[in-house]
Amino acid sequence: MSSPISTYSPDLAVPADKRVFGARDLFSLWFSLGIGLMVLQTGALLAPGLGLAHSLLAILLGTAVGVLLLAAVGVIGSDTGLSSMAALKLSLGRRGTSLPALLNLLQLVGWGSFEIIVMRDAASLLGSRAFSEGSLLANPLLWTLFFGALATLLAVSGPLTFVRQILRKWGIWLLLAACLWLTWNLFARADLAALWAQAGDGSMPFAVGFDIAIAMPLSWLPLIADYSRFGKRAKSVFGGTALGFFIGNFWLMSLGVAYTLAFAPSGEVNALLLALAGAGLGIPLLLILLDESENAFADIHSAAVSSGILLRLKVEHLALAIGVLCTLIACLAPLAQYQNFLLLIGSVFAPLFGVVLVDHFILRRRSGQNPASALRWPALLAWLGGVSTYHLLANLYPDIGATLPSLVLAGLLQWLLGRAFSYRQETARA
């Protein structure tokens, strides 16, 4: 009997007979991951500065560009059968993946903890609203342990069980019902024509709003191949991922903008949550709150896969340990300052995958062969150039955005340096 797929080393390619995800599976997964409380809150960030019309345009453009890049990286997983960090060896060399794997582990532990905190705070607020502040269901510690345990259980079960037994069968239908109810409630209660005509206060440039919107799908770049490696065909991976995440992310972020402008103009998180809780006795918000555990699942599972590159342990054992760690951090650690560190770490991955995309699709033409070199210096230099560009633009020209320019420049550098390096090698052989 063959071993369960979760016991395979993250360094190994998933065998062809274990690649069972079709377009419907990947649509369900990425529609779910495109939905969440943090997505609603991100939409609320755009609302005051851009207004409804310009916010929706920024979300539309940013999400569209972002999901095309996200789905393209997903194809790398289906082409190679490798996890995200293992696939980096093809571009950076055999030893070039250690630093990205470590940075990815750090950021995913942090974001997994943040997801648990977001769920805890929302559940505590809803519990105190429905009952009283001193009731058991308003206790933050109780909700921290509950959501930490739920996310850990999902991560240990693995993506095949989660997607095929939970999301595809009934989870996605509950999420669709919740989104439709919130949308109906918005149209029934808000004067959308007046909101559409109302301009933003100008506190946020449009380019920054676009940068925030594109950052949502691009934040999943270091994780997507952990799931797309189970995809049957590249076409299904690309289409299911792009369509699922685009619909979910655009829908929920747009609702975050509209609900903020209509019912919570102060922009405070609690005001937005209370406005959302007024729809359908709070049931749609509760379903979205439970869906947030799927984002924490993805963070914890992929953190385990990344750490599996560094430690020779089973992924499910690492997922259990990381889930417990995230729960403890959510219980004990003050994370207000840690968020800046997480954003700093995250800034390295958009340029990195600009390098990876150009290397995989243009220079290696979707070949999955392992490189002979321990380190591929042209790729590392292109990555460094992209990261430097990101921080230069973020610090000196914050109004134009940094995510997409740094990714494009890193990809261009990879193309130029890769071609030049390959030409020198061919000349030396001749």
Side-chain angles (χ1 to χ4, degrees), residues 61-62 64-77 79-80 82 84-101 103-104 207 210-211 214-215 217-222 224-225 234 238 344-398 400-430:
L61 295 177
V65 174
V67 297
L68 293 177
L69 294 168
L70 178 67
V73 175
V75 169
I76 297 176
D79 283 346
T80 63
L82 294 170
S84 294
M85 294 300 108
L88 291 182
K89 292 183 179 181
L90 304 175
S91 298
L92 303 182
R94 295 191 310 274
R95 298 180 182 175
T97 191
S98 297
L99 179 59
L103 292 176
N104 198 37
F210 173 84
D211 209 42
I214 196 175
L218 294 191
S219 67
W220 293 100
L221 290 179
I224 183 170
F238 187 91
L344 179 66
I345 293 176
S347 70
V348 308
F349 286 106
L352 173 60
F353 282 92
V355 170
V356 170
L357 285 167
V358 169
D359 183 63
H360 182 79
F361 287 100
I362 298 177
L363 298 179
R364 288 190 292 106
R365 298 182 181 181
R366 299 176 70 178
S367 167
Q369 295 179 349
N370 286 314
S373 56
L375 291 173
R376 296 184 67 190
W377 291 106
L380 293 171
L381 290 174
W383 180 24
L384 179 61
V387 173
S388 300
T389 301
Y390 182 99
H391 290 285
L392 179 68
L393 292 175
N395 288 297
L396 298 181
Y397 307 101
I400 67 173
T403 303
L404 187 59
S406 65
L407 184 148
V408 171
L409 180 68
L412 179 61
L413 288 173
Q414 170 65 7
W415 181 74
L416 293 172
L417 293 173
R419 291 289 297 271
F421 184 74
S422 176
Y423 176 78
R424 286 197 297 270
Q425 283 187 327
E426 293 173 0
T427 303
R429 290 194 197 100

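A quick note: this is a predicted structure, and the numbers were derived from the prediction, not measured.
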Quick check for you: to the nearest 0.5 Å, what is the distance between [X] atom [atom1] and [Y] atom [atom2]?
X      : Y      : atom1 : atom2 : value
Arg376 : Leu90  : CZ    : CG    : 8.5 Å
Ser98  : Lys89  : OG    : NZ    : 7.5 Å
Leu88  : Asp359 : CG    : CG    : 10.5 Å
Ser84  : Trp220 : OG    : CH2   : 11.5 Å
Phe210 : Thr403 : CZ    : OG1   : 9.0 Å
Leu92  : Leu352 : CG    : CG    : 6.0 Å

Contact between [X] and [Y] at the side-chain level, heavy atoms closer than 4.5 Å - yes or no?
X      : Y      : answer
Leu218 : Leu404 : no
Pro100 : Met85  : yes
Leu221 : Leu70  : yes
Ser219 : Phe349 : no
Trp383 : Val348 : yes
Leu103 : Leu99  : yes
Phe361 : Ile76  : yes
Leu407 : Tyr390 : no

Distance-minimising heavy-atom pair for [X] and [Y]:
X      : Y      : answer
Gly62  : Pro217 : O-CG, 4.4 Å
Ala87  : Thr80  : CB-OG1, 4.4 Å
Gly418 : Pro378 : N-CB, 4.4 Å
Ala410 : Pro351 : CB-O, 3.3 Å
Ser91  : Ala379 : O-CB, 3.3 Å
Ala234 : Asp79  : CB-OD1, 4.1 Å

Assess whether side-chain contact (heavy atoms from CB on, under 4.5 Å) is satisfied between Ile362 and Gln414, documenting all intermediate values. CA-CA 10 Å; Ile362 298 177; Gln414 170 65 7; over 6 Å; no
Could you give me the CA-CA distance, side-chain angles and deciding distance for Val73 and Val356, then say whether side-chain contact (heavy atoms from CB on, under 4.5 Å) is met? CA-CA 8 Å; Val73 175; Val356 170; 5.7 Å; no
